[in-house]
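Quick one: structure below, then a few questions.
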Amino acid sequence: MGSVVDAANKEVNGTSSAKKPNVIFVLGGPGSGKGTQCAYIVEHFGYTHLSAGDLLRAEIKSGSENGTMIQNMIKEGKIVPSEVTIKLLQKAIQENGNDKFLIDGFPRNEENRAAFEKVTEIEPKFVLFFDCPEEEMERRLLGRNQGREDDNIETIRKRFKVFLESSLPVIQYYEAKGKVRKIHAAKPIEDVFQEVKAVFSPEAEKILELTNLLTFYLGCSLGSSVSKEISRLIDQECVLCSTGIETHHHLFFECEYSSSIWKHFVQAILPATPLNVHSAAAMISHFRHPSQAPPVIKLIFQSVIYLIWKERNARVFTSASTSAAGLRSALDRLIRDRLLSFPSPDPTPSLLQFYFSGPRPP
Ligand SMILES: Nc1ncnc2c1ncn2[C@@H]1O[C@H](COP(=O)(O)OP(=O)(O)O)[C@@H](O)[C@H]1O
Ligand SMILES: Nc1ccn([C@H]2C[C@H](O)[C@@H](COP(=O)(O)OP(=O)(O)O)O2)c(=O)n1
């Protein structure tokens, strides 16, 4: 049976308990510079580069039974069936000792994306998207000079069409999940890499972690002003307790002020004070009975995270502050208002009645 932490990992990352490699999808139109930048990332950040196109071309060369089919599809600028490409990617991942991969040129359509997720249960950490105008990509492809059969103007135009119709929707899918890191790719190689480097910096990692955390709890993707504000949340003193460094873990879970808010719900509704993002997620996913519990618990988590974040911002920007007791009352009101707007489930008691079986603020 999986542990609570396993379940939490699954809830947060969409992965099962087995250690999954860290995957970044590298997407962009043909000739946007994906392969070129991947080589730099490998050198600077220790990733292994897997190019779906290179794996397919190697498969043609190897004389495999699929070779002719793959060759014909590439010549036409079409996308090879997912099962073929995914098998090659899986094999390459398994044969490699590394645990972090740049998967370049994949997923190229919705079928690629859904099949990869289903087969591997891997959710990318983020998607690096090289945004480049068509004229520039065309110029680069015509000058690429690697002897590729598909770098001729007729096939290039077909590949552009496939990119717009099939690949852009995949990027939009990840955009809605807050996972796309867009790079302006029309600049000289070194300048593009400066932008890429910023995405891989330790600071960016912390921002990514916190953005994912807030997106997960608030159940929506975050606006750019929130993302900008999150980027400030690094290595400065916590404004709620003034005794710790304001990492996301500290701010939402460890801080005395925040943990006193969580404690308010312990025993009656929550089994314990959540110590971190994983235990919080595990609590949500493990409360299956009674049926009223999961939505109420999810709402409690969203509301606590939301109000702690709001309180933190009020202190940073307006110097106004609310005591922990005041915040607990505001929280109680917020939760009751939200529960009143939920449709009543059958059978009774309602979500609100379930919530009232918990503690009242002092
Ligand atoms: N920023 C850039 N400016 C000019 N040429 C570039 C740039 N990035 C890549 N190239 C060149 O453009 C061509 C296509 O780049 P490549 O990395 O193979 O693109 P992709 O993998 O996206 O198809 C290559 O010949 C490469 O040397
Ligand atoms: N996921 C993928 C990736 C590439 N392919 C095929 C179809 C693409 O036109 C070719 C070339 O892809 P590759 O990523 O090497 O090159 P470009 O980004 O088009 O320059 O390979 C595929 O069918 N499925």
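The chain is numbered in sequence order, starting from 1. Read the numbers this way: they start at 1 and go in the same order the structure lists the ligands and their atoms.
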Worksheet entry | Basic-acidic side-chain contact under 4.0 Å: Arg139, Glu135 | no
Practice prompt. Would you check if Leu102 and Phe25 make a side-chain contact, meaning some heavy-atom pair closer than 4.5 Å?
Written response: no
Worksheet entry | Crowding at NZ, Lys182 (>12 non-hydrogen neighbours, <6.0 Å) | no
Worksheet item: Does Gly35, backbone or side chain, put an N or O under 3.5 Å from an N or O of ligand 1?
Response: yes
Practice prompt. Output yes when the distance from some N or O of ligand 1 to some N or O of Gly143 is under 3.5 Å, and no in every other case.
Written response: no
Worksheet item: Tell me: protein heavy atom nearest atom 16 (O) of ligand 2, and distance?
Response: Arg148 NH2, 3.1 Å
Discussion item. Just to confirm my output: which protein heavy-atom neighbour is closest to atom 4 (C) of ligand 2, and how far is it?
Written reply: Arg108 NH1, 3.6 Å
Discussion item. Quick check on contacts: which atoms of ligand 2 are under 4.0 angstrom from a heavy atom of Ile79?
Written reply: 23 (O), 24 (N)
Fill in: contact_flag Arg57 ligand 2 heavy-atom lt 4.0 Å
yes
Fill in: Val162 and ligand 2 - part of the residue with a heavy-atom distance under 4.0 Å
neither
Item to complete: Show which atoms of ligand 1 fall inside a sub-4.0 Å distance from at least one heavy-atom site of Lys187.
Response: 1 (N), 2 (C), 3 (N)
Worksheet item: Between Glu195 and Lys187, does at least one N-O distance fall below 4.0 Å, as a salt bridge requires?
Response: yes
Item to complete: State whether Arg333 and Asp337 are salt-bridged, where the test is any N-O pair (Lys NZ or Arg NE/NH1/NH2 against Asp/Glu carboxylate O) under 4.0 Å.
Response: no
Worksheet item: Hey, is Arg181 close enough to Glu175 for a salt bridge, meaning N to O under 4.0 Å?
Response: no
Fill in: salt bridge (charged side-chain N to carboxylate O under 4.0 Å, His left out) assessment of Lys179 paired with Glu123
CA-CA 10 Å; Lys179 289 210 161 186; Glu123 168 88 0; 3.1 Å; yes
Worksheet item: Which ligand 2 atoms are under 4.0 Å away from a heavy-atom of Pro30?
Response: 17 (P), 18 (O), 19 (O), 20 (O)
Worksheet item: What is the closest protein heavy atom to atom 7 (C) of ligand 2, and at what distance does it sit?
Response: Lys78 O, 3.4 Å
Discussion item. So does Phe45 get a backbone contact from the side chain of Lys100, meaning a donor-acceptor N/O pair under 3.5 Å?
Written reply: yes
Discussion item. With respect to Asp104, determine whether any N or O atom, backbone or side chain, lies less than 3.5 Å from an N or O atom of ligand 1.
Written reply: no
Worksheet item: Nearest protein heavy atom to atom 5 (N) of ligand 2, by residue and atom, and its distance?
Response: Leu56 CD1, 3.4 Å
Practice prompt. Find all atoms of ligand 1 within a distance of less than 4.0 Å from any non-hydrogen atom belonging to Pro188, and give their numbers and elements.
Written response: 1 (N)
Worksheet item: Should the pair Arg315-Glu311 be classified as a salt bridge under the 4.0 Å nitrogen-to-oxygen rule?
Response: yes
Worksheet, complete the sentence: of all protein heavy atoms, closest to atom 23 (O) of ligand 2 is Val80 N, 2.6 Å
Discussion item. Students should be able to answer this: which protein heavy-atom is nearest to atom 1 (N) of ligand 2, and at what distance?
Written reply: Gly105 O, 3.0 Å
Worksheet item: Should the proximity of Arg144 to ligand 2, defined as any heavy atom under 4.0 Å, be assigned to the side chain, the backbone, both, or neither?
Response: side chain
Worksheet item: Is the shortest side-chain N to carboxylate O distance from Asp150 to Lys75 below 4.0 Å?
Response: no
Discussion item. Counting only heavy atoms, tell me which of Ile74, Val84, Thr155 gets closest to atom 21 (O) of ligand 2.
Written reply: Ile74
Practice prompt. Before accepting this row, confirm whether a basic side-chain N of the pair Arg157/Glu138 lies closer than 4.0 Å to the acidic partner's carboxylate O.
Written response: yes
Worksheet item: Which residue holds the protein heavy atom closest to atom 18 (O) of ligand 2, what is that atom called, and what is the gap in Å?
Response: Lys34 NZ, 2.7 Å
Item to complete: Report the part of Ala186 (side chain from C-beta onward, or backbone N, CA, C, O) that has a heavy atom under 4.0 Å from ligand 1; answer both or neither where that applies.
Response: neither
Worksheet item: What do you reckon, does Thr85 have a nitrogen or oxygen under 3.5 Å from a nitrogen or oxygen of ligand 2?
Response: no
Practice prompt. Could you pull out, from Gln37, Arg140, Arg139, the option with a heavy atom nearest to atom 4 (C) of ligand 1?
Written response: Arg140
Fill in: Residue and atom name of the nearest protein heavy atom (relative to atom 16 (P) of ligand 1), distance in Å to one decimal
Thr36 OG1, 3.6 Å
Worksheet item: Closest non-hydrogen protein atom to atom 18 (O) of ligand 1, residue and atom name please, with distance?
Response: Arg144 NH1, 2.8 Å
Worksheet item: If we only count N/O pairs under 3.5 Å, is Gly33 in contact with ligand 1?
Response: yes
